Asks: 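Sending over a structure as structure tokens; questions will come in a sec.
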Amino acid sequence: MGDSEAPDDLDALLAGYEAQAQQDIEEVHRRTQIKGRASKQARSRVQAALETPISPDNKGFKMLAAMGYQPGQGLGQAASGPREPVPLTLKQDRLGLGRPSQRALKRARREEAGAAQPAMAPVQLPDSSSFLRQAAARVAAGRAAAQLRRAQQACENLDSAAGVGNRHGFWQTRAAAEGPDATAMVGSAPVLLEADVTPQLGEVLQYLRTQYWYCLYCGTAYENAADLASHCPGPSEADHADM
């Protein structure tokens, strides 16, 4: 079988993975922003409702006006009573009236404990954008590692059927199958290394397409190079997104 694939297929595959990772980052960031905006808008609406003066069309306002009340004037015969309505506080729990919330109690305890201890240096937390990038990169790396294992298994099956040994070293070794694939340890947590996985995946996929006209994402071995070019949408996972 000949090599009839374009030389830039591997570059297109790698570019597709980079584009997919960027889309994952943008989607997670977009959902976080939407959730934050909705929460902020809800608080703003509640606060605006509490700050809106009672309308003259309100039944209670009409009753007060009938008894001689005028806006800005205190209640009572001598107009020495309260000038503003009793402030409204929305309860966020099911505790009885007048009982402080558990959150307030915990905050008071923390303040008391903090006053008895020397001040500590503030902890620098990672910014949300860095966290989202790392999360999206881990997802993309995990997907690439799983696809590499599938491609290696397909390569071994097709090579064995053709009577060809593991001359290119693309088969999955026993050590790789039993251990964590493309991972490194940071502290005590395994972290996938996408930079190690993606080039190897591209090489195996390119070998399958040029030697056996096989597309991992179609799951099909085509009749020839022309059949592959006509019916396979492309070499990358992103090319098959609409299938």
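These numbers come from a predicted model, not from an experiment.
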Asks: What I want to check is whether the side chains of W213 and D227 have a donor and an acceptor closer together than 3.5 Å.
Replies: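 Distance-only check fails for W213 and D227.
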Asks: Drop me the distance from Q147's CD to T198's OG1, to the nearest 0.5 angstrom.
Replies: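 Going from CD on Q147 over to OG1 on T198, the span is 9.0 Å.
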Asks: Hey, what do you get for OH (Y212) to SG (C155), rounding to the nearest 0.5 Å?
Replies: 6.5 Å
Asks: Between atom CD of E203 and atom CG of L148, what is the distance when rounded to the nearest 0.5 Å?
Replies: 10.0 Å
Asks: Just by distance, do the side chain of N166 and the backbone of F170 share a donor-acceptor pair under 3.5 Å?
Replies: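 Looks like yes, one N/O pair under 3.5 Å.
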Asks: Do L201 and E237 make a side-chain contact, defined as non-hydrogen atoms from C-beta onward lying under 4.5 Å apart?
Replies: no
Asks: Can you sort out the partners of Q23 under side-chain contact (heavy atoms from CB on, under 4.5 Å), two or more places apart, ordered by chain and number?
Replies: Q20
Asks: Does the pair E26/R30 count as a salt bridge with the N-to-O cut at 4.0 Å?
Replies: no
Asks: What's the separation between atom SG in C218 and atom CZ in R209, rounded to the nearest 0.5 Å?
Replies: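 Separation between the atoms: 7.5 Å.
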Asks: Relative to the ring of H240, is the ring of Y217 parallel (under 30°), tilted (30 to 60°) or perpendicular (over 60°)?
Replies: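 Plane angle between 30° and 60°, so tilted.
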Asks: Nearest heavy-atom pair of H29 and L132: which atoms, and what distance?
Replies: ND1-CD1, 3.5 Å
Asks: What are the two closest heavy atoms between A136 and I25, and how far apart are they?
Replies: CB-CG1, 3.2 Å
Asks: Which atoms form the tightest heavy-atom contact between C215 and Y222, and what is the distance?
Replies: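 Looks like CB-CE1, 4.3 Å.
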Asks: To the nearest 0.5 Å, what is the distance between CG on L205 and CD on Q200?
Replies: 10.5 Å
Asks: Does one side chain, of D159 or Y207, offer a donor that lies under 3.5 Å from an acceptor on the other?
Replies: yes
Asks: Please give me the minimum heavy-atom distance between Y214 and A221, naming the atom from each residue.
Replies: CD1-N, 3.7 Å
Asks: If you look at every heavy atom in L208 and A151, which pair is closest and at what distance?
Replies: CD1-O, 3.9 Å
Asks: Hey, does K106 have a side-chain heavy atom less than 4.5 Å from the side chain of R109?
Replies: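 They are in contact (side-chain heavy atoms under 4.5 Å apart), so the answer is yes.
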